[in-house]
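Whatever order the structure lists them in is the order used to number ligands and atoms, beginning at 1. Predicted, not measured: the structure shown is a model, and the values here were computed from it. Heavy-atom basis, side chains included; hydrogens, waters and symmetry copies ignored.
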Amino acid sequence: MSQDLDLELFNLTKRYGKTVAVDAISYHFDAGTYACLLGPSGCGKSSTLRMIAGHESVSDGAVLLAGRDISHLPPAKRGTAMMFQNYALFPHLSVLENVGFSLKMQGVDAATYRKRAKEMLELVDMVPLADRLPEQLSGGQQQRAALARALITEPQVLLLDEPLSALDPFLRIRMRGELKRLQRELGITFIHVTHGQDEALALADEIVVMNNAVIEQAGKTRAVFDAPKTAFVAKFLGSHNVVAMPEGTLAIRADALELRAPEGARLPGTITNIEYQGTHVALTAAIAGDQEVTALLSDKEFFGNPKELGEAIGLDWEAAAAHALAS
Ligand code: ADP
Ligand code: MG
């Protein structure tokens, strides 16, 4: 992708009265990246997305696309498009008319916008349902229609606010595969807001972890997962233990903890929970300092030498599997 379509946030700030929802965040999204904004409810994800889209005014700072300040342009003039959490389809319009709506508003004639709408429906495999009303669609089909509607303006950046949250878990995993495929085919930037770490890990080339209106950590997905910098990021990404040791606080991946005899292990403890997860067993132990850690053992490893609740064990790890955390 040409770098002239990069998206840049510069000290982007949103205030609602006295609430600072987004506090001077800066970030550079390379064109063609699938990025996830990840963080707990209320941390400022939607506000950030809406400022990029132009559905919310910028209190301070700027949004630049292709080096151009788009902060004060109306949504339709930015080169961005947004897909909303509840899809926001017009209930009284057919799928085809919903998809063609923004072109119609731009004054494009009926034959042309309907033809373009059909092309978009082809992209999301929805042509046979073109004449249906939104209420006659399943959740997954509504999502496809909303995607087609967002894409018809040929945005350079597609903004998706919790696009999978209305779907049941099974469909969510299928639709996330489709989102990824679509992004790869179109080669445009996707910025996808989610509070689900599994969703972010599955989709994102880059993860931006937000907390309390600021970016806590951002970068290539694996780099962030492999080396969380703060306890918040380690806990939010999951699969990590945050352990206070005399020499400092460590993040240790649950799958890196190895079962040992209590004597000589760095973390001696007592088993408080054993959870069977099919391919793995999650074993939780109480350790010194009133802390708990969880080790994710393969089913083979666990059942080759099964343990019981209350049993004394030791847990240890290879040096590279732990990271010191900033407080
Ligand atoms: P997220 O999408 O991460 O859940 P939001 O961006 O929706 O977070 O909200 C960030 C903060 O801003 C929250 O404290 C929320 O209550 C507040 N907020 C969001 N929208 C408004 C609004 N329209 N008016 C006042 N406060 C708002
Ligand atoms: Mg939100």
Side-chain angles (χ1 to χ4, degrees), residues 7-27 29 33-63 65 70-72 74-75 78 80-89 139 142-143 146-147 149-150 155 157-169 172 175-176 179 183 189-204 206-219 221 224-225 228-238:
L7 177 76
E8 183 129 21
L9 312 183
F10 179 72
N11 283 340
L12 190 63
T13 302
K14 182 68 202 178
R15 285 183 290 265
Y16 301 102
K18 282 190 181 135
T19 307
V20 183
V22 180
D23 193 2
I25 65 172
S26 295
Y27 200 71
F29 297 94
T33 300
Y34 201 123
C36 282
L37 294 188
L38 176 68
S41 180
C43 72
K45 306 180 298 295
S46 293
S47 299
T48 300
L49 211 63
R50 289 199 301 263
M51 284 192 284
I52 298 171
H55 296 298
E56 192 71 78
S57 65
V58 168
S59 305
D60 245 317
V63 180
L65 181 58
I70 59 169
S71 316
H72 302 289
R78 293 189 171 208
T80 62
M82 180 127 167
M83 192 181 119
F84 294 93
Q85 198 161 354
N86 51 10
Y87 312 139
L89 295 167
Q142 285 183 33
Q143 192 202 36
L147 262 175
R149 189 177 59 171
V157 178
L158 182 67
L159 305 158
L160 306 112
D161 196 353
E162 311 239 5
L164 304 172
S165 62
L167 307 176
D168 65 62
R172 198 178 300 157
M175 291 307 293
R176 93 182 172 203
L179 282 179
Q183 189 268 340
T189 308
F190 273 32
I191 301 181
H192 173 139
V193 160
T194 177
H195 59 262
Q197 46 80 26
D198 54 337
E199 196 169 304
L201 294 176
L203 284 168
E206 275 186 39
I207 283 189
V208 178
V209 184
M210 290 185 71
N211 185 26
N212 287 331
V214 298
I215 294 176
E216 183 101 358
Q217 187 173 351
T221 303
V224 174
F225 187 81
K229 287 192 182 130
T230 64
F232 172 83
V233 174
K235 285 180 186 159
F236 200 80
L237 289 174

Quick check on [X] - does any of its heavy atoms sit under 4.0 Å from an atom of ligand 1?
X: Arg50; result: yes
X: Pro40; result: yes
X: Gly42; result: yes

Please write down residue, atom name and distance for the protein heavy atom closest to [atom].
atom: atom 7 (O) of ligand 1; value: Ser46 CB, 3.8 Å
atom: atom 6 (O) of ligand 1; value: Ser47 OG, 2.6 Å
atom: atom 12 (O) of ligand 1; value: Ala21 CB, 3.3 Å
atom: atom 27 (C) of ligand 1; value: Tyr16 CD1, 3.3 Å
atom: atom 8 (O) of ligand 1; value: Gly44 N, 3.2 Å

Is it the case that the side chain of [X] and the backbone of [Y] share a donor-acceptor pair, with hydrogens and angles ignored and the cut-off at 3.5 Å?
X: Arg15; Y: Val20; answer: no
X: Thr194; Y: Gly196; answer: yes
X: Arg176; Y: Leu164; answer: no

Under a plain distance cut-off of 3.5 Å, with no hydrogens placed, do [Y] and [X] share a side-chain donor-acceptor pair?
X: Thr189; Y: Tyr34; result: no
X: Glu199; Y: His192; result: yes
X: Lys14; Y: Ser57; result: yes

Geometric N/O contact Thr19 with ligand 1, under 3.5 angstrom: no
Atom 15 (C) of ligand 1 touched by protein heavy atom at under 4.0 Å: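 Protein heavy atom within 4.0 Å of atom 15 (C) of ligand 1: absent.
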Heavy-atom protein contact below 4.0 Å for atom 1 (P) of ligand 1: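 Yes, there is a protein heavy atom closer to it than 4.0 Å.
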Ser46 near the Mg ion (ligand 2) via N/O/S, less than 2.8 Å: yes
Residue among Asp161, Ile207, Val209, Thr48 satisfying side-chain contact (heavy atoms from CB on, under 4.5 Å) with Leu37: Thr48
Neighbour count >12 (heavy atoms, 6.0 Å) for atom CG, Asn212: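 No, because the 6.0 Å sphere around CG of Asn212 holds 12 heavy atoms or fewer from other groups.
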